[in-house]
Amino acid sequence: MLDRRYIVEQAEAVKTNCQQRGVDADVDRLVELELRRRPLQQQREELNRRANEVSKSIGKAKDQEEREARKEEGRQLREQAGAVSEELQSLETEIDQLQRGIPNMSHAEAPVGDESASRELRLGKTPVPKFDFQPRDHVELAEALDILDLEGGAHVAGHGFYFLKNEGVLLDLALQRFALDVAMEAGFAPTVTPDLARNETLHGVGYIPRGPETQIYSIADSDLSLIATAEITLGGLYAGQTLESDQLPLRVAGISHCFRTEAGAGGRAARGLYRVHQFTKVELFAFTLPEASDAMHDELLSIECQIFDALGVPYRVIDTATGDLGGPAYRKFDLEAWMPGRGERGEYGEITSTSNCTDYQARRLDIRFRTKGEKGTKLVHTLNGTAVAISRALIAILENNQQADGSVVVPEVLRKWVGRDVLSPPESKPRS
RNA sequence: GGAUGGGUGGCCGAGUGGUCUAAGGCGGCAGUCUUGAAAACUGCUGAGUCCGCAAGGGCUCCGGGGGUUCGAAUCCCUCCCCAUCCGCCA
């Protein structure tokens with residue numbers, strides 16, 4: 001969330017920002033409540049101060065009579081302080097709710113407007129393939145290759161679940177391993193994170209575990225939820241901590257399963273692996289000094305580009321428009337891969353996303369840093385980015401690397417783990 | 001899952017109702033001594049937040065939340081976490 005003082009002092013800028021992001025937030029109301037809250041807080045502190053004084057004097061009281069009189073005085077002061085506290089508490093609750101609804105400020109260069117204003121920054125190294133045949137979509141390809149079983153997934157868990165089979169599994173593991181190698185090379189510490197987290201942690205990172213719009217599966221009779229991304233566990237891991245400035249930047253790569261209800265995705269629910277309830281993802285996460293987050297954001301983006309250039313996937317880089325930014329993001333770059341089987345004649349589809357959340361997440365998670373020789377602490381900046389989300393990467397690889405006979409060329413960097421250069425439909429496989 | 005013992009500042013650790021303004025140690029910073037360093041000695045050394053131009057002062061914080069009391073690190077309830085033992089188990 002944003003700093004409360006900042007909201008009060010820069011109310012106009014905050015309002016403009018909300019407008020540009022298409023967020024309906026009552027900034028005026030928040031400012032009004034906050035300005036009402038402050039004097040009350042001072043009032044309570046003054047009452048506490050006097051009560052503390054009285055309490056201390058009781059220990060030193062001369063006689064029983066004086067003791068009793070001071071006790072009564074203390075009782076009354078505490079009672080008054082209690083009453084002020086209650087008023088304060090109800091204001092606090094409302095302010096907090098309003099504050100949570102206000103998105104992060106936006107980067108000066110982020111394009112302003114709705115989704116259509118998003119700007120294409122550049123293209124990846126791999127050109128969009130030209131086929132002299134009618135390209136198939138990934139569902140058709142994968143089922144013919146016998147590497148994906150959507151029906152099986154639906155059979156045991158419902159629509160949106162799937163089995164990966166045979167080389168599909170090898171591709172999955174190869175993608176994880178390849179992305180992890182690139183991340184480690186760039187200094188990211190590899191982790192496998194829990195796939196569940198406390199609801200408190202979800203809130204800290206900015207996810208809402210329950211409610212009609214939620215993307216989150218929650219576990220009945222517990223305060224746990226299935227995570228939608230390792231961003232949740234990686235951010236939560238450092239919640240409440242104060243890091244040393246010379247530890248920063250801190251780079252962590254987390255492998256996890258990701259679970260999404262896709263509630264409200266309704267009609268947009270795409271075919272095959274595009275919008276699924278569970279997938280595996282290697283996520284990059286970084287904690288930086290405030291002045292270093294823009295550079296780290298570029299670094300995350302360049303790692304994503306490096307990965308998909310190496311995989312031979314054609315993509316474009318999108319500088320996401322303000323209206324399409326998630327609440328915590330200050331700026332967001334997406335990689336959209338060319339998917340020849342998507343839509344009528346192929347379409348771009350999002351495969352990675354990297355956000356600079358500045359201090360917005362850190363404030364709620366209370367992740368700070370201290371600099372040697374300086375007093376006090378400051379909030380770190382947090383950033384996240386997709387190294388590889390397996391299901392969508394599979395779509396891009398299968399559809400771009402397909403050949404006329406329905407076979408698929410395995411990206412060179414994955415071959416050592418997949419164990420073959422080309423995947424062919426079983427019918428045309430030579431019998432062994 | 002059951003039993004027991006724990007959770008205190010950057011770290012270790014004392015503290016079982018009132019100078020806790022949290023002992024002591026380690027670490028860190030500054031100084032003295034020294035050609036320099038080390039050692040020794042001396043002093044300083046938490047965070048958040050509010051008021052204030054500042055100097056300074058207040059409030060809150062001893063795992064989280066709630067309670068008892070004029071007063072809680074200390075007593076009570078509850079949750080979380082850690083350790084050990086038992087049970088179960090890949």
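So you know, we letter chains A, B, ... as the sequences are listed, proteins then strands, and number each from 1.
Ring geometry for A:Y315 against A:F308 counts as perpendicular: the plane angle is over 60°, on a 0 to 90° scale with 30° as the lower cut.
B:U84 and B:C61 have their C1' atoms separated by 31 Å, given to the nearest Å. Separation of the P atoms belonging to B:G13 and B:A83 is 15 Å when rounded to the nearest angstrom. With C1' as the reference atom, B:A22 and B:A14 are 9 Å apart, rounded to whole Å. Only the P atoms considered, B:C11 is 15 Å distant from B:G7, to the nearest whole Å. Nucleotides B:G27 and B:C86 place their P atoms 39 Å apart, quoted to the nearest Å. Across the C1' atoms, B:C26 and B:U34 are found 25 Å apart, a figure rounded to whole Å. Taking the P atoms as reference points, B:C76 lies 12 Å from B:G6, given to the whole Å. Separating the P atom of B:A37 from that of B:C29 is a span of 14 Å, rounded to the nearest Å.
In this structure, the CD atom of A:Q43 is 18 Å from the P atom of B:C50, given to the nearest Å. Taking atom CD of residue A:E73 and atom P of nucleotide B:U69, one finds them 18 Å apart after rounding to whole Å. Protein atom CD of A:Q41 is 11 Å distant from nucleotide atom P of B:U49, rounded to whole Å. Nucleotide B:C79 holds its P atom 17 Å from the CG atom of A:N199, rounded to whole Å. Per the geometry, CD belonging to A:E45 stands 12 Å off P belonging to B:G58, to the nearest Å. As a whole-Å value, the separation of A:L40 CG from B:C50 P is 15 Å. When rounded to the nearest whole Å, the span between CZ of A:R38 and P of B:G58 equals 22 Å. A straight line from CG of A:L88 to P of B:C59 spans 16 Å, rounded to a whole angstrom.
The side chain of A:R75 lies closest to B:U69, out of B:U69, B:G48, B:U21. Counting only heavy atoms from C-beta on, A:N48 has its side chain closest to B:C59 among B:G48, B:C59, B:C70. Distance from the side chain of A:R78 is smallest to B:G71 among B:U49, B:G18, B:G71. Closest to the side chain of A:S55, out of B:G71, B:U69, B:A47, is B:G71.
Phosphate proximity of B:G18 to A:N52: absent, as no side-chain N or O sits under 4.0 Å from OP1 or OP2. Close to B:U60, at under 4.0 Å from its OP1 or OP2, lies no side-chain N or O of A:R49. Proximity of A:R5 to the phosphate of B:C50: a side-chain N or O atom is located under 4.0 Å from OP1 or OP2. Checking the phosphate oxygens (OP1, OP2) of B:C70, no side-chain nitrogen or oxygen of A:S57 falls inside 4.0 Å. Proximity of A:R44 to the phosphate of B:C59: no side-chain N or O atom is located under 4.0 Å from OP1 or OP2.
Counting non-hydrogen atoms under 4.0 angstrom, A:R198 reaches the backbone sugars and phosphates but no base.
A salt bridge does not link A:R331 to A:D294: none of the charged side-chain nitrogens sits closer than 4.0 Å to a carboxylate oxygen. Salt bridge absent: A:K165 and A:E151 never bring a charged side-chain N and a carboxylate O closer than 4.0 Å. Using a cutoff of 4.0 Å between basic side-chain nitrogens and carboxylate oxygens, A:R50 and A:E53 are not scored as salt-bridged. Look at A:E200 and A:R198 and you find no salt bridge, because none of the NZ, NE, NH1 or NH2 atoms lies under 4.0 Å from a carboxylate O.
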For residues 82-90 of chain A, please give each side-chain donor-acceptor pair under 3.5 Å, one per line with the distance, not counting sequence neighbours.
| from | atom 1 | to | atom 2 | distance (Å) |
| --- | --- | --- | --- | --- |
| A:S85 | OG | A:R44 | NH1 | 3.1 |
| A:S85 | OG | A:A81 | O | 3.2 |
| A:S90 | OG | A:E87 | O | 3.2 |

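Along RNA chain B, the nucleotide nearest to A:R368 and the one nearest to A:E46 differ in position, and the one closer to the 5' end is contacted by A:R368. Position along RNA chain B of the nearest nucleotide to A:E72 versus A:K378 favours A:K378 as the more 5'-ward residue.
Using N1 to N3 plus N6-O4 or O6-N4 for Watson-Crick, or N1-O2 and O6-N3 for G-U wobble, each under 3.5 Å, B:A3 pairs with B:U84. Judged by Watson-Crick or G-U wobble contacts below 3.5 Å, the nucleotide B:U42 has B:A30 as its partner. When both distances must be under 3.5 Å, the Watson-Crick or G-U wobble mate of B:C70 is B:G18.
Without hydrogens or angle criteria, A:E167 side chain to A:I147 main chain gives no donor-acceptor distance under 3.5 Å.
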